[in-house]
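One structure below.
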Amino acid sequence: MKTRTWLFIFAAILCVCACAILWPRRTPSLIAGIYVDGNCVDRVDLSRVTEEERRVIETEDGSNTIVIQPGRICVESADCPDQICVMEGWLPECGLPLVCLPHNLLIQLEEAAP
Amino acid sequence: MTTQRLTRNALLTAVSLILFTVEAQIPVPVPIPGVKLGLANIVNVWAVCAIGPRDALSILLCRIVLGAFFVGHLMVLFYSLAGGLLSWCVLLLLRRVTTRRQIWIRGVLAAIAHNLGQIAVAVWVTRSAAVLAYLPFLTLSGMVTGGFTGLCAQYLLSRRLS
């Protein structure tokens, strides 16, 4: 195939990705679910939090210290090798779920339980 | 398998293992899990083109297994295995539709396939579709890093090392 054809394909992929990134995401609610190995270990309603709170999530592979403030949550420190979960910053401000793949920890906003 | 071929494959495995472990020491300044340069992709793209897909696969598998031991985490094995095998399949398919001056295109698509495989494992491991939110970011980074590693492989190929 001609290089030009490939460039069109790449441009298309680029557009799809840009749309997917820029598409406005609505936050379902301010309930943060904390998952370890796919199992929910905790659920926090961030809109009801009044004081800053720290919790240590122990997993088989290490621990993550999370900070819960009124309306937001983040991973403050972790003993994982890549520290990506710490760099991700605050949920919901960063717009993406917080993950620590080395510890298989996932924090995401979810729909209010019925 | 001749001794020469065995030696060559062993050397290439060592090269890609070195690239893999050195890269693992470099902190990634992007807060997105899975984003990396993918330097070992250079060896993969180069090997599929220069010495054939079968030898490339054996180098890839040796590198992935040894690399997981070096990094010291079992999950690394699954992530690299899914990504590596998927990118190898893509390279195999692309052999017919790209010329030797379009090796960088193979690099880009191999990197995207690698990231797709990794996301699939991440979905399986976390048992949540939430990590799919990272897919567009990973695809974009794969296009950039894959273009870079693909170009490296292309320049290597034009030097006729083998």
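Order of the sequence lines sets the chain letters (A, B, ...), proteins ahead of strands, with each chain counted from 1. Excluded from the calculations below are hydrogen atoms, water molecules and symmetry mates; all remaining heavy atoms, backbone and side chain alike, are included.
Using a 4.5 Å cut-off between heavy atoms, B:L94 touches chain A through its side chain atoms alone. Of the atoms belonging to B:V30, it is backbone heavy atoms, and not side-chain ones, that fall under 4.5 Å from chain A. When heavy atoms are compared at a cutoff of 4.5 Å, B:M143 approaches chain A solely by way of its side chain, counted from C-beta outward. Proximity to chain A (any heavy atom under 4.5 Å) is shown, for B:V35, by neither the backbone nor the side chain. Proximity to chain A (any heavy atom under 4.5 Å) is shown, for B:P27, by neither the backbone nor the side chain. For B:Y79, the part sitting under 4.5 Å from any heavy atom of chain A is the side chain, from C-beta outward, and nothing else. Contacts of A:P81 with chain B are absent, with no heavy-atom separation under 4.5 Å from either backbone or side chain. Of the two parts of A:L7, only the side chain, counted from C-beta on, holds a non-hydrogen atom closer than 4.5 Å to a non-hydrogen atom of chain B. For B:W124, no part lies near chain A; criterion is any non-hydrogen pair under 4.5 Å. With a threshold of 4.5 angstrom between heavy atoms, A:Q108 approaches chain B through side-chain atoms but not through N, CA, C or O.
Residues B:Q102 and A:K2 share a closest heavy-atom pair of NE2-C, 3.5 Å. Listed here is the closest heavy atom pair of B:A130 and A:P97: O-CG, 3.4 Å. Looking at every heavy atom in both residues, A:F10 comes nearest to B:I105 through CZ-CG2, 3.8 Å.
Heavy atoms of other residues, nucleotides or ligands lying less than 6.0 angstrom from CD of B:Q4 number 12 at most.
A:L91 and A:V41 end up in the same hydrophobic cluster when Ile, Leu, Val, Met, Phe, Trp and Tyr side chains are linked at under 4.5 Å. By the criterion of side-chain heavy atoms lying less than 4.5 angstrom apart, applied directly or through intervening Ile, Leu, Val, Met, Phe, Trp or Tyr residues, B:I42 is not grouped with B:I26; the two fall into different hydrophobic clusters. Under a hydrophobic clustering in which Ile, Leu, Val, Met, Phe, Trp and Tyr are joined whenever their side-chain heavy atoms come within less than 4.5 Å, directly or via other members, B:W88 and B:V15 fall into the same cluster. A continuous path of ILVMFWY side-chain contacts below 4.5 Å connects A:I34 to A:L46, so both sit in one hydrophobic cluster. B:F70 and B:I59 fall within the same hydrophobic cluster, defined by Ile, Leu, Val, Met, Phe, Trp and Tyr side-chain heavy atoms under 4.5 Å apart, directly or through other members.
When each of B:L135, B:T139, B:L138 is checked for a side chain to side chain contact (heavy atoms under 4.5 Å, CB included) with A:C17, only B:T139 meets the rule. Considering A:D37, A:V99, A:N104 as possible partners of B:V125, the one that fulfils the side chain to side chain contact (heavy atoms under 4.5 Å, CB included) test is A:N104.
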Item to check | side-chain contact (heavy atoms from CB on, under 4.5 Å) evaluation trace for A:Y35 with B:T126 | outcome: CA-CA 8 Å; A:Y35 295 81; B:T126 59; over 6 Å; no

Checklist entry - For B:V108 and A:W6, what are the C-alpha separation, side-chain angles and deciding distance, and is it a side-chain contact (heavy atoms from CB on, under 4.5 Å)? => result CA-CA 10 Å; B:V108 171; A:W6 285 111; over 6 Å; no

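Considering CE of A:M1 and OG1 of B:T99, their distance stands at 11.5 Å, rounded to 0.5 Å. Annotation: the span from A:L106 atom CG to B:R127 atom CZ amounts to 12.0 Å, rounded to 0.5 Å. Note that CD1 of A:I21 and CG of B:L140 are 4.5 Å apart. Values are rounded to the nearest 0.5 Å.
Looking at A:D82, its side chain never comes within 3.5 Å of a backbone N or O of B:P33 through a donor-acceptor pair.
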